[in-house]
Amino acid sequence: MIRVGKVSSINPKECSARVAFEDRSDVVSFELPILVRGSIGTLDYWMPAPGEQVVCLFLPSGAAQGFILGAFYSESDPPPVKDAAKRHITFPDGTTIEYDATTHILNIQAAGQVKIQATGDVHVIGDVIADGISLKKHTHGGISSGSESSGPPIGGA
């Protein structure tokens, strides 16, 4: 049986949630596992928010045997983008991650810090521009040859 309801509570430790069904006088389900896109090797983790509308699938054995298949967009909760070439995630704090397969651009708008950790080297192919200053093309003025050190960059891109 397939049912639509709203998440009433979540259990992040177990990646499960309880769902209230309005058409059943808001009866709340048992804790249901949330379907993910990978659980061995490549792992995926996602938790719906309380109040989020979800689709649930129940096995013939009863209401205790079911899964949350996922959430869906509606007129009151429209998709954040309308372009089939884009993969997009919007987080509650406003941070977004979007990849556009047409332009081949990965765009990250972070509300906080961005940390990249690697056990090996991090290679950036192309220029890096920070506050309008090009890593490859900036110049330094007022320096002497020999053992002197230069000051901070002064040139733009």
Side-chain angles (χ1 to χ4, degrees), residues 1-137 153 156-157:
M1 174 173 40
I2 296 175
R3 303 192 54 86
V4 173
K6 288 188 178 178
V7 174
S8 62
S9 65
I10 61 173
N11 181 344
K13 183 180 176 186
E14 299 295 325
C15 198
S16 62
R18 294 179 184 266
V19 178
F21 300 102
E22 291 176 4
D23 65 337
R24 301 276 186 188
S25 302
D26 287 326
V27 69
V28 176
S29 72
F30 291 93
E31 205 163 276
L32 302 173
I34 298 165
L35 225 59
V36 295
R37 291 181 284 197
S39 63
I40 296 177
T42 300
L43 306 176
D44 184 35
Y45 181 82
W46 165 77
M47 292 298 302
E52 190 164 6
Q53 204 166 29
V54 293
V55 176
C56 302
L57 174 67
F58 291 94
L59 301 176
S61 55
Q65 300 285 321
F67 303 90
I68 296 173
L69 300 179
F72 58 93
Y73 293 113
S74 65
E75 201 171 289
S76 60
D77 296 306
V81 295
K82 294 170 177 61
D83 185 337
K86 292 184 177 179
R87 181 74 183 261
H88 180 96
I89 301 171
T90 297
F91 294 93
D93 68 356
T95 295
T96 62
I97 301 172
E98 181 177 279
Y99 178 70
D100 187 325
T102 302
T103 62
H104 311 289
I105 294 174
L106 175 64
N107 189 357
I108 300 170
Q109 299 286 326
Q113 294 183 22
V114 175
K115 293 183 179 182
I116 299 173
Q117 297 178 333
T119 57
D121 295 342
V122 175
H123 296 265
V124 178
I125 309 303
D127 200 1
V128 174
I129 299 174
D131 287 332
I133 300 171
S134 164
L135 179 67
K136 286 185 169 183
K137 299 175 186 168

Looking at every non-hydrogen atom in both residues, tell me the closest pair between [X] and [Y] and how far apart they are.
X      : Y     : answer
Val4   : Phe21 : O-CD2, 3.4 Å
Ser29  : Ala17 : OG-O, 4.4 Å
Ser16  : Met47 : O-CE, 3.4 Å
Val7   : Ala49 : CB-O, 3.5 Å
Asp100 : Lys86 : OD2-CE, 3.2 Å
Ser8   : Val28 : OG-CG1, 3.5 Å

Any donor and acceptor pair, going by atom type alone, linking the side chain of [X] with main-chain N or O of [Y] inside 3.5 Å?
X      : Y      : result
Ser25  : Val27  : no
Asp44  : Val36  : no
Asp121 : His123 : no

If you count every heavy atom of other residues, nucleotides or ligands that lies below 6.0 Å from Tyr45 atom OH, does the total exceed 12?
yes

What distance do [X] atom [atom1] and [Y] atom [atom2] have between them, rounded to the nearest 0.5 Å?
X      : Y      : atom1 : atom2 : result
Leu106 : Ile97  : CG    : CD1   : 7.5 Å
Ile89  : Ile108 : CD1   : CD1   : 10.0 Å
Thr90  : Gln109 : OG1   : CD    : 10.5 Å
Ile2   : Leu69  : CD1   : CG    : 7.0 Å
Asp131 : Ile129 : CG    : CD1   : 11.0 Å
Glu52  : Lys6   : CD    : NZ    : 11.0 Å

So the side-chain hydrogen bond (donor to acceptor under 3.5 Å, both in side chains) pairs with at least one residue in residues 61-81 (sequence neighbours excluded) are Ser74-Ser76

Identified side chain to side chain contact (heavy atoms under 4.5 Å, CB included) partner of Arg3 from the options Asp23, Val19, Val55
Asp23

Which class fits the ring pair His104 and Tyr99: parallel under 30°, tilted 30 to 60°, perpendicular over 60°?
tilted

